[in-house]
J.: 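Supplied in structure tokens, the structure appears directly below.
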2 protein chains.
Amino acid sequence: MSDDLDLTPLRREVLDMIKASARPIKAYELLGLLSRRRGRVARAPTIYRTLDYLTRCGLIHRIESLNAYQACAHAPACPEHVFLICDDCGEVSEIESMDARIALEIASTARQFRAEQVSIEVHGACRACGTETPARAKKP
Amino acid sequence: MSDDLDLTPLRREVLDMIKASARPIKAYELLGLLSRRRGRVARAPTIYRTLDYLTRCGLIHRIESLNAYQACAHAPACPEHVFLICDDCGEVSEIESMDARIALEIASTARQFRAEQVSIEVHGACRACGTETPARAKKP
DNA sequence: TCGCACGTGTTATATTATAACATCACAAGC
DNA sequence: GCTTGTGATGTTATAATATAACACGTGCGA
Ligand SMILES: [Zn+2]
Ligand SMILES: [Zn+2]
Ligand SMILES: [Zn+2]
Ligand SMILES: [Zn+2]
């Protein structure tokens, strides 16, 4: 395991595609984009290996409840991140909550559980979607 | 949408299988168990619909990072749950952390995000696995 | 030069999940 | 009784997500 980045052309290309996406992006979407960019089909292992690498480096995060990936909003080290996921418009914002992290650290330690990786995903309605109508009226 | 439970035989059978499992259990594992119990194959939609129902009722939880399901440890209403997931032995314990929940509520509200469903999954090493050896030595 | 580590390509397949439609049982209303 | 609607379950097919296993090439140090 090395500490420094090895951003090969493939990894950089995939990272750029993820950064360019306004929403979390899925593995097979990236695969399609990559195939088109390069003029030949890219296969699943190519993209999954790259996503693994970028995730391990902390450059992107996987959003478990969406099976999708998003560039980290807070640089290469980001231990306190929380995703606010709007189920209406699909927007996901990454915030930091030191308080939540501390609470979890305390709760884990109390049970002698050594926390290594924390995933916090909050589903709901973002500001724009939540205020569309006072009391929950969706177009059918 | 009704408030009270409709635990049909299928739903009860699946719920019992989940409760009987010492670990989170996967949809296709349940499908296999169910097929054997009933002496004929059960198909995927049967189990997924049942899991949806039980999840919506709060009787079970889905663990997103494992694609697996576990019975709720805290009765039919459980808004503050956190999963401590041991990556060594696979044990998952469900705890409650009001503090984490409050921290997230505050952080969400500050961004005018209306939180509806929160998923907190902490991966790491449980007490038993974390103390096996002082500094991380796994059998190869 | 040789062997190794590692990134990538390729083939095949495993795992997870849903769409769409058929059937059945039960209950409300006639 | 019959009709009709509703919700649960069964069935068929397929979509979406992910990994195993092996091949190939390049660079690098022994
Ligand atoms: Zn981040
Ligand atoms: Zn929104
Ligand atoms: Zn619970
Ligand atoms: Zn353990």
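Just so we're on the same page: letters track the sequence lines, and every chain starts at 1. Fair warning: this is a prediction, and the values are worked out from it, not measured in the lab. Reckoned from all heavy atoms, side chains included, excluding hydrogens, waters and symmetry mates.
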J.: B:V122 vs A:F113, test: side-chain contact (heavy atoms from CB on, under 4.5 Å). Steps then yes/no.
T.: CA-CA 9 Å; B:V122 181; A:F113 184 95; 3.9 Å; yes

J.: Taking CG from A:L30 and C1' from D:dA16, how many angstroms apart are they, rounded to a whole number?
T.: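 Atom CG in A:L30 sits about 14 Å away from atom C1' in D:dA16.
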
J.: Whole angstrom is fine here: how far is it from CG in A:L31 over to P in C:dT8?
T.: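 Rounded to the whole Å, the gap is 14 Å.
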
J.: With heavy-atom distances below 4.5 Å as the criterion, would you say the side chains of B:E13 and B:R38 are in contact?
T.: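 Side chain of B:E13 against side chain of B:R38, heavy atoms only: contact under 4.5 Å found.
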
J.: May I have the distance from A:L54 (atom CG) to C:dG7 (atom C1'), rounded to whole angstrom?
T.: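 After rounding, the reported distance stands at 13 Å.
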
J.: Starting at OH of B:Y53 and ending at P of D:dG7, how long is that distance when rounded to a whole Å?
T.: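 Those two atoms, OH and P, are 12 Å apart.
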
J.: Taking side chain as C-beta onward, heavy atoms only, is A:D99 less than 4.5 Å from B:I106?
T.: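 They are not in side-chain contact.
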
J.: What is the distance from CD of A:E29 to C1' of D:dA15, rounded to the nearest Å?
T.: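 Interatomic distance, CD of A:E29 to C1' of D:dA15: 14 Å.
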
J.: Less than 4.5 Å apart, any side-chain heavy atom of B:I85 and any of B:E121?
T.: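 Counting from C-beta outward, B:I85 and B:E121 do come under 4.5 Å.
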
J.: Determine, for nucleotides 9-23 of chain C in 5'-to-3' order, which nucleotides have protein heavy atoms under 4.0 Å from the base (write B), from only the sugar-phosphate (write S), or from neither (write -).
T.: BBB----BBBB----

J.: Taking distance alone, no hydrogens or angles, what donor-acceptor pairs closer than 3.5 Å link side-chain atoms of residues 41-51 of chain B to residues at least two apart or in another chain?
T.:
from  : atom 1 : to    : atom 2 : distance (Å)
B:T50 : OG1    : B:T46 : O      : 2.7

J.: Between P on C:dC6 and CZ on A:R11, what's the gap in Å once rounded to a whole number?
T.: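 My rounded result for the distance is 11 Å.
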
J.: B:R12 has an atom CZ; how far is it from atom P of D:dT9, in whole Å?
T.: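 Checked: the CZ to P distance equals 13 Å.
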
J.: What is the distance from atom CE of B:M17 to atom CG of B:L33, rounded to the nearest 0.5 Å?
T.: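 Reported value, rounded in 0.5 Å steps: 5.5 Å.
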
J.: Tell me: CG of B:D6 to C1' of C:dC26, nearest whole Å?
T.: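 Computing the B:D6:CG to C:dC26:C1' distance gives 12 Å.
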
